[in-house]
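Note sheet for the following structure.
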Amino acid sequence: MFKTSQQGANNLGALGLYPAVLTADGTGLTIDRMQQTSGQQGYDSATAILVTGASVGSGNYARITVQQSANDSDWVNLDDPQTGTQYVSGTIGSQSAVSIDVDLSAARRYVRFNCDVTIGGTSLACAVAAALTGAKVNPLL
């Protein structure tokens with residue numbers, strides 16, 4: 001599951017992916033965006049930040065991809081409701097950072113922010129953090 005901290009009345013900070021040295025794509029941690037009591041709308045938006053560290057070898061790149069699930073088991077890509085295309089951040093190399101803003105208003109209950117890597121060398125250090133915003137009620141932590 002996920003680690004969170006309350007950032008303000010209607011905001012939630014979440015760890016999207018533990019810091020790791022990746023040799024293949026990293027699957028993000030599950031974030032439950034509906035922590036309120038049943039029937040109430042969860043968080044409507046998020047910003048995820050990918051930070052890369054050291055790279056072993058050259059040609060190592062990373063980007064954020066976003067997925068959603070109704071049951072925390074079956075995952076599909078989350079599409080931007082404005083463009084109809086999958087949410088994907090820009091691509092970065094070692095010792096860089098990139099962020100992506102995500103509209104969650106039509107998303108299913110669970111979301112995750114994955115680190116999609118291209119490994120031309122040996123490995124790349126990555127971590128993802130997310131801030132969920134726009135809750136209709138204060139989070140229950």
Would you check if the side chain of Asn60 reaches a backbone N or O of Ile119 as a donor-acceptor pair within less than 3.5 Å?
no
Main chain of Leu132, side chain of Arg33: is a donor-acceptor contact present, judged purely on distance under 3.5 Å?
no
Given 3.5 Å as the limit, does a donor-acceptor pair link the side chain of Arg112 with the main chain of Gln67, or not?
no
Output for pair (Leu29 CG, Asn114 CG), nearest 0.5 Å, gives 9.5 Å
Which heavy atom of Leu104 sits nearest a heavy atom of Tyr43, and at what distance?
CB-O, 3.5 Å
Closest approach of Ser94 to Ser55 (non-hydrogen atoms, all atoms of both residues)
CB-CB, 3.3 Å
Hey, could you give me the CG/CZ distance between Asp116 and Arg63, rounded to the nearest 0.5 Å?
4.0 Å
Has Ser69 got a side-chain atom pairing as donor or acceptor with Asp74's backbone, closer than 3.5 angstrom?
yes
Roughly how far, to the nearest 0.5 Å, is the CD1 atom of Ile100 from the CD1 atom of Ile49?
12.0 Å
Nearest heavy-atom pair of Thr133 and Ser45: which atoms, and what distance?
OG1-OG, 2.6 Å
Shortest non-hydrogen separation from Phe113 to Ala48 and the atoms involved:
CD2-CB, 3.5 Å
Residue pair Ala62 / Cys126: nearest heavy atoms and the distance that separates them
CB-SG, 4.1 Å
Residue pair Leu17 / Cys115: nearest heavy atoms and the distance that separates them:
CD2-CB, 3.5 Å
With distance as the sole test, does Gln68 use its side chain to make a donor-acceptor pair with the main-chain N or O of Arg108 at under 3.5 Å?
yes
Assess, by modelled atom type and distance only, whether the side chains of Thr47 and Asp101 contain a donor and an acceptor separated by less than 3.5 Å.
yes
Say you draw a straight line from OG1 of Thr27 to CG of Leu22; how long is it, rounded to the nearest 0.5 Å?
9.5 Å
Between the side chain of Thr52 and the main-chain N/O of Gln95, is any donor-acceptor distance below 3.5 Å?
yes
Is there a donor-acceptor pair closer than 3.5 Å between any side-chain N or O of Tyr87 and the backbone N or O of Asp103?
yes
Tyr61, Val51: one ILVMFWY side-chain cluster at the under-4.5 Å cut-off?
no
